[in-house]
Engineer: 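First the structure, then my questions, so here it is.
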Amino acid sequence: MSELRVATWNVNSLRARMPRFLPWLEAKRPEVVCLQETKVVDELFPREEIEDLGYECAVHGRKTYNGVAILSRVGLEDVQKGLGDGEAEDEHRVISADCGGVQVVCCYVVNGQKVGAERYDYKLRWFERLTSRLERTVDTANEKVLVVGDYNVTFDERDIWNPDQWRGKILCSEPERAALNGLMQRLDLTDAFRAMHPDEGDHYTWWDFRTFAWKRNRGLRIDHVLASQVAMQAMTGVHIDREARDGEKPSDHAPVIAALEV
DNA sequence: ATGGTGGATTTTCCA
């Protein structure tokens, strides 16, 4: 038995974040790292610096927006990019791979902008497409499966610094939560952080760059590790790496790191 | 009700 740590981090531009990302990667050395908002086409992905630290890279990026990647130093097999449902545009928001016997899916869910906006409806439809994609490509009934990433949805008021002010708003609305919970029910996935930290609030993963949100700890928990039952049984811990949100030129998200015995 | 900051590519979009 050995420990396998899987981190998920919305880096908000990998190239802009390299001065923070590389030292973090060297210090933490998670076996698997899932990145969102890489904002870089595959040809310009900073592959060499990451490979020098012992990682293989699977990338699915585009110019300016979105982009996802999986880095692994325990193998990277069966890489599948995108939603794969034949629709014209999937916005480079999903990539999956088998890493050391764990089925890892890295997701960057649509933000949605504002309840009722066109992008909000697109977000709800995109959740349905993601759910179908997972039903086609992962075996949650039998395998260790981790579906991680920036879901842009809170589960409940424990995930919100001021629930009254956010009630019904984007990232907190009931249709978004129904879409996320529906995905989890259909795939039999568990919110691993909450399972390991029941009844605790004040555990956020995103703090808005505006309004001094970090300094005031005005955050939301919107980055999640969703785990199959087999993965949950192997899980030893999940934590949010708040240090990575502090200091110079941080991302607006903190990494979430899950550890399992494999 | 609005705008605040940050990143990429620009005088604006997206978050």
Side-chain angles (χ1 to χ4, degrees), chain A residues 8-24 34-47 49 59-69 82-83 88-95 106-127 129-130 148-154 159-162 164-173 175-177 179-180 204-224 240 242-256:
Chain A
T8 175
W9 194 3
N10 179 324
V11 289
N12 189 8
S13 173
L14 181 57
R15 286 178 295 174
R17 210 62 56 216
M18 284 299 264
R20 295 295 306 267
F21 177 69
L22 281 180
W24 175 88
C34 294
L35 300 176
Q36 302 89 38
E37 283 208 89
T38 54
K39 296 188 178 181
V40 60
V41 294
D42 296 351
E43 295 72 32
L44 298 177
F45 192 91
R47 186 178 282 274
E49 292 114 302
V59 299
H60 187 44
R62 61 177 288 187
K63 193 178 173 183
T64 309
Y65 301 120
N66 313 328
V68 285
L83 289 169
E89 178 61 273
D90 72 6
E91 298 192 343
H92 298 81
R93 292 175 177 276
V94 188
I95 189 169
C106 172
C107 307
Y108 175 46
V109 173
V110 177
N111 173 285
Q113 287 178 344
K114 196 169 191 276
V115 173
E118 198 174 308
R119 291 296 288 173
Y120 180 78
D121 294 332
Y122 183 79
K123 178 180 194 172
L124 297 178
R125 292 200 306 276
W126 197 89
F127 252 115
R129 294 172 67 190
L130 174 63
V148 308
D150 177 0
Y151 284 85
N152 272 316
V153 182
T154 56
D159 301 337
I160 309 170
W161 69 276
N162 61 342
D164 289 340
Q165 193 175 315
W166 278 89
R167 188 157 293 119
K169 300 284 203 311
I170 192 69
L171 314 180
C172 304
S173 75
E176 291 167 87
R177 290 175 175 172
L180 175 55
Y204 311 129
T205 65
W206 170 79
W207 298 258
D208 202 317
F209 282 127
R210 300 163 288 191
T211 68
F212 303 103
W214 168 250
K215 199 170 77 176
R216 299 170 174 172
N217 195 27
R218 295 179 166 184
L220 301 180
R221 190 173 72 94
I222 57 176
D223 299 86
H224 304 304
I240 299 163
R242 290 175 57 99
E243 269 184 38
R245 179 61 179 81
D246 206 5
E248 291 296 310
K249 289 273 182 187
S251 169
D252 46 352
H253 294 253
V256 182

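Throughout, a chain's letter reflects where its sequence line sits, starting with A, and its residues are numbered from 1. The figures that follow rest on heavy atoms only: side chains count, while hydrogens, waters and symmetry mates do not.
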Engineer: I'd like the C1' distance from dT9(B) over to dA15(B), given in whole Å.
Structural biologist: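 One C1' to the other, the span is 15 Å.
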Engineer: Mind calculating the distance between CZ (R245(A)) and C1' (dT5(B)) to the nearest angstrom?
Structural biologist: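 Interatomic distance, CZ of R245(A) to C1' of dT5(B): 10 Å.
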Engineer: Give, ordered by number, those residues of residues 12-24 of chain A having at least one heavy-atom distance below 4.0 Å to an atom of DNA chain B; if nothing qualifies, reply none.
Structural biologist: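 Going residue by residue through residues 12-24 of chain A, the ones with a heavy atom under 4.0 Å of DNA chain B turn out to be N12(A), S13(A), A16(A), R17(A).
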Engineer: If I take atom CG in residue D223(A) and atom P in nucleotide dA15(B), what distance separates them, rounded to the nearest angstrom?
Structural biologist: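 Rounded to the whole Å, the gap is 14 Å.
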Engineer: Kindly determine whether N162(A) and R218(A) satisfy side chain to side chain contact (heavy atoms under 4.5 Å, CB included), including the steps that lead there.
Structural biologist: CA-CA 8 Å; N162(A) 61 342; R218(A) 295 179 166 184; over 6 Å; no
Engineer: Distance between the C1' atoms of dT11(B) and dA1(B), in whole angstroms?
Structural biologist: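 Their C1' atoms lie roughly 25 Å apart.
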Engineer: What class does the angle between the rings of W206(A) and W166(A) fall in, given that below 30° is parallel, 30 to 60° is tilted and above 60° is perpendicular?
Structural biologist: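 W206(A) and W166(A): perpendicular rings.
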Engineer: Just wondering, do Y151(A) and I222(A) contact through their side chains at under 4.5 Å, heavy atoms?
Structural biologist: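 When only atoms from C-beta onward are counted, Y151(A) and I222(A) do not touch, as no gap falls below 4.5 Å.
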Engineer: Heavy-atom nearest nucleotide on DNA chain B for E91(A) versus T211(A): which residue maps closer to 5'?
Structural biologist: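 Comparing both residues, the 5'-ward one is T211(A).
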Engineer: What distance separates N66(A) CG from H92(A) NE2, expressed to the nearest 0.5 Å?
Structural biologist: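 The distance works out to 9.0 Å.
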Engineer: Report each atom pair, protein N/O against N/O of nucleotides 12-14 of chain B, whose distance is under 3.5 angstrom.
Structural biologist:
unit_1, atom_1, unit_2, atom_2, d
dC13(B), O2, Y65(A), OH, 3.4

Engineer: Output the rounded distance in Å from NZ (K249(A)) to P (dG6(B)).
Structural biologist: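 Distance check: K249(A) NZ to dG6(B) P gives 7 Å.
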Engineer: Go nucleotide by nucleotide along DNA chain B from the 5' end; which of E37(A) and F209(A) gets its closest nucleotide reached first?
Structural biologist: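 The answer here is F209(A).
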Engineer: Take the protein atom CG of D208(A) and the nucleotide atom P of dG6(B), then report the distance between them rounded to whole Å.
Structural biologist: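 My rounded result for the distance is 10 Å.
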Engineer: Could you walk me through whether T38(A) and R62(A) pass the side-chain hydrogen bond (donor to acceptor under 3.5 Å, both in side chains) check?
Structural biologist: CA-CA 8 Å; T38(A) 54; R62(A) 61 177 288 187; over 6 Å; no
Engineer: In whole angstrom, what separates H253(A)'s NE2 from dT5(B)'s P?
Structural biologist: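 Rounded to the whole Å, the gap is 18 Å.
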Engineer: Write down the distance between NZ (K114(A)) and P (dG3(B)), rounded to a whole number of angstrom.
Structural biologist: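 So the two atoms are 13 Å apart, to the nearest Å.
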Engineer: Pick one: which of K169(A), R221(A), R177(A) meets side-chain hydrogen bond (donor to acceptor under 3.5 Å, both in side chains) with T154(A)?
Structural biologist: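 Filter result, single survivor: R177(A).
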Engineer: Would you kindly give the CZ-to-C1' distance between F212(A) and dG4(B), to the nearest whole Å?
Structural biologist: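 Answer to the nearest Å: 9 Å.
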Engineer: Would W214(A) and D246(A) count as a side-chain hydrogen bond (donor to acceptor under 3.5 Å, both in side chains) here? Give the steps.
Structural biologist: CA-CA 8 Å; W214(A) 168 250; D246(A) 206 5; 3.1 Å; yes
Engineer: Can you tell whether the side chains of E91(A) and R119(A) come within less than 4.0 Å, N to carboxylate O?
Structural biologist: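 Looking at E91(A) and R119(A), the cut-off is met.
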Engineer: Can you tell me the distance, in whole Å, between the CG atom of D252(A) and the C1' atom of dT5(B)?
Structural biologist: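 To the nearest whole Å, that distance equals 9 Å.
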Engineer: Would you find more than 12 non-hydrogen atoms of other residues, nucleotides or ligands less than 6.0 Å from E243(A) atom CD?
Structural biologist: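 Count not over threshold, so no.
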Engineer: Say we look at dT10(B) and dC14(B): how far apart would their C1' atoms be, to the nearest angstrom?
Structural biologist: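 My reading of the C1' atoms in dT10(B) and dC14(B) gives 13 Å.
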